[in-house]
Protein chains: 2
Amino acid sequence: MVKLEQMAKKELKMTAVPDPSTEEKIMAAARTVFLEKGFAATRTRDIAEAAGINHALLNYYFRSKEKLFQIIMLNTVKQFFSSLSVVFNNPETSLEKKVEEVANYYINLLTAHPDIPLFIMTEMKKGAKDLMNQVGAKEIVMKSVFIKQYQQAVKEGKIQKLPPVHFLMNVLGLTVFPFIASPMIKGLVDLSDTEFTSLMQERKKLIPIWVKMILKAT
Amino acid sequence: MVKLEQMAKKELKMTAVPDPSTEEKIMAAARTVFLEKGFAATRTRDIAEAAGINHALLNYYFRSKEKLFQIIMLNTVKQFFSSLSVVFNNPETSLEKKVEEVANYYINLLTAHPDIPLFIMTEMKKGAKDLMNQVGAKEIVMKSVFIKQYQQAVKEGKIQKLPPVHFLMNVLGLTVFPFIASPMIKGLVDLSDTEFTSLMQERKKLIPIWVKMILKAT
DNA sequence: TGAAGAATTAACCAAATGGTTAAAATATTT
DNA sequence: AAATATTTTAACCATTTGGTTAATTCTTCA
């Protein structure tokens with residue numbers, strides 16, 4: 001029996017072609033399956049099969065489906081917020097530039113991993129607070145350079161006086177929502193996957209323009 | 001044994017206080033539980049308990065969890081699109097007025113039933129096309145008076161030349177997304193339920209203004 | 001090399017779950 | 001009121017599912 005905490009050791013003495021360890025294979029498979037089907041619809045045997053391992057190994061390495069899930073979930077939420085943090089806390093870039101970079105970042109990320117947002121939103125219904133604390137999301141966003149710039153611009157009368165939450169909802173709504181709704185959208189307008197992707201590429205340019213307008217309007 | 005098709009009969013000879021039939025009790029309970037937990041996480045026994053009936057009755061009336069789910073799903077998607085259809089196909093109202101009415105309609109609906117969008121989006125991942133056809137969503141939206149007005153306005157140079165899908169994504173993104181992301185948003189900004197609701201009320205006025213700007217901008 | 005520890009496997013287990021059935025209770029019809 | 005049909009119930013069933021275990025194979029290193 002090997003505890004989770006002891007696992008990191010082995011990783012250090014890698015030479016070349018690291019060849020994924022069993023633990024890594026499980027994590028990768030779990031990520032794929034959980035993201036695609038969600039926690040409840042996922043069978044631990046699906047994960048084992050996807051990882052190409054005996055299904056008892058899952059409990060050997062991670063003790064339970066629940067524990068494994070929490071690790072995957074935490075990783076995914078971290079990923080979702082980490083680069084946002086970088087963009088939001090860059091003191092060099094303007095508010096407008098930040099919007100551009102956020103749109104770019106998310107559209108790239110979600111084009112590669114379209115399941116992320118629905119997964120996060122679904123699973124946040126049961127315990128958002130804990131997760132947000134674990135990744136420090138509140139601090140990343142609400143104490144960011146971005147928020148200060150926003151409030152400064154409001155003070156200077158450059159943009160409309162409104163709580164920044166609206167702004168957050170708008171940017172995420174315009175960038176992230178299409179991925180969440182993509183099955184519906186594709187059915188509604190008859191779009192192929194590639195057509196949808198190029199629509200989203202188009203939005204990289206459009207969203208910053210739109211948001212600029214929104215900021216000023218009342 | 002009674003078939004689903006024969007059920008409607010009884011409903012006709014109602015006098016007063018109709019007192020929900022067993023079938024209705026099951027449907028109501030199923031709606032609540034499915035919307036809250038999704039298909040996979042829902043146990044038929046949960047539904048039976050919520051409906052206050054013996055759990056064998058569920059199969060007696062609806063044959064299977066799957067069948068019951070499809071009925072609920074269809075109802076919910078219909079509800080989501082039906083009033084949209086009315087708004088979108090009113091020849092009396094302007095494009096701007098339609099945006100206002102859509103925002104109003106959805107914010108009212110989702111304030112009362114916040115689980116609807118996440119439920120629909122999640123379950124659409126497995127078979128959006130079928131559902132969209134069954135409710136005629138494509139026709140409702142893409143052949144609507146609204147779309148004609150949109151294309152006319154583009155032709156007249158009143159609004160930016162862009163495929164209407166972008167517009168759809170924008171309106172839905174601004175109105176529907178906040179409900180999908182509400183657990184995250186609430187955790188991020190520390191909002192109570194009532195604070196969130198009043199934010200959404202605020203957006204009833206803001207979204208039409210914002211969308212008007214978006215339509216013109218490039 | 002061989003003993004100790006770690007990783008892997010097949011077989012197994014108990015609980016949960018969707019669904020069935022036969023009998024009992026309730027309504028309806030004649 | 002008797003006969004018939006419908007609705008409801010409790011007990012059951014088979015399968016699925018998360019998890020465990022004991023034995024086996026593979027590594028490590030003294």
Revision key, fill the gap. Contacts of B:Asn133 meeting side-chain contact (heavy atoms from CB on, under 4.5 Å) (sequence neighbours excluded), chain-then-number -> none

Check your understanding: Starting at CD1 of B:Ile26 and ending at C1' of D:dT7, how long is that distance when rounded to a whole Å?
Key -> 11 Å

Exercise for review: Figure out the CG/C1' separation between B:Asn59 and D:dC12, and round it to whole Å.
Suggested key: 14 Å

Check your understanding: ring-ring contact (aromatic ring centres under 6.0 Å, His included): which pairs involve residues 20-48 of chain B, sequence neighbours left out?
Key -> B:Phe34-B:Phe69, B:Phe39-B:Phe69

Practice item. Anything under 30° is parallel, anything over 60° is perpendicular, the rest tilted; go ahead and classify B:Tyr106 against B:Phe80. Key: tilted

**Study point:** Presence of A:Thr22 side-chain N/O under 4.0 Å of C:dT8 phosphate oxygens OP1/OP2
**Key:** yes

Review point. Atom CD of A:Glu23 and atom P of C:dA6: how far apart are they, to the nearest Å?
Key: 15 Å

Output side-chain donor-acceptor pairs under 3.5 Å for residues 172-181 of chain A, partner residues at least two apart or in another chain, one line each.
residue, atom, partner, partner atom, Å
A:Thr175, OG1, A:Val171, O, 2.9

Point to revise | Separation of C:dA16 C1' from B:Lys65 NZ (nearest whole Å) | key: 12 Å

Review point. How many Å lie between OH on B:Tyr61 and P on D:dT6, as a whole number?
Key: 12 Å

Exercise for review: Round to a whole Å and report the spacing from CG of B:Leu57 to P of D:dT6.
Suggested key: 16 Å

Check your understanding: How long is the line joining CD of B:Glu24 and P of D:dT7, in whole Å?
Key -> 13 Å

Expected list for residues 124-131 of chain A: side-chain donor-acceptor pairs under 3.5 angstrom, two or more places apart:
residue, atom, partner, partner atom, Å
A:Lys125, NZ, B:Glu36, O, 2.9
A:Lys125, NZ, B:Asp115, OD1, 3.4
A:Lys126, NZ, A:Glu123, OE1, 2.5

Review point. Looking only at side-chain N and O atoms, does A:Tyr60 come under 4.0 Å of OP1 or OP2 in D:dG19?
Key: no

Exercise for review: Just grab all the salt bridge (charged side-chain N to carboxylate O under 4.0 Å, His left out) pairs involving residues 188-198 of chain B, residues at least two apart or on different chains.
Suggested key: A:Lys138-B:Asp190, B:Lys186-B:Asp193

Practice item. For DNA chain D, find the residues of residues 29-55 of chain B with a heavy-atom distance under 4.0 Å and give them by number; none if there aren't any. Key: B:Asn54

Review point. For B:Phe69 and C:dG19, what is the distance between atoms CZ and P respectively, to the nearest whole Å?
Key: 13 Å

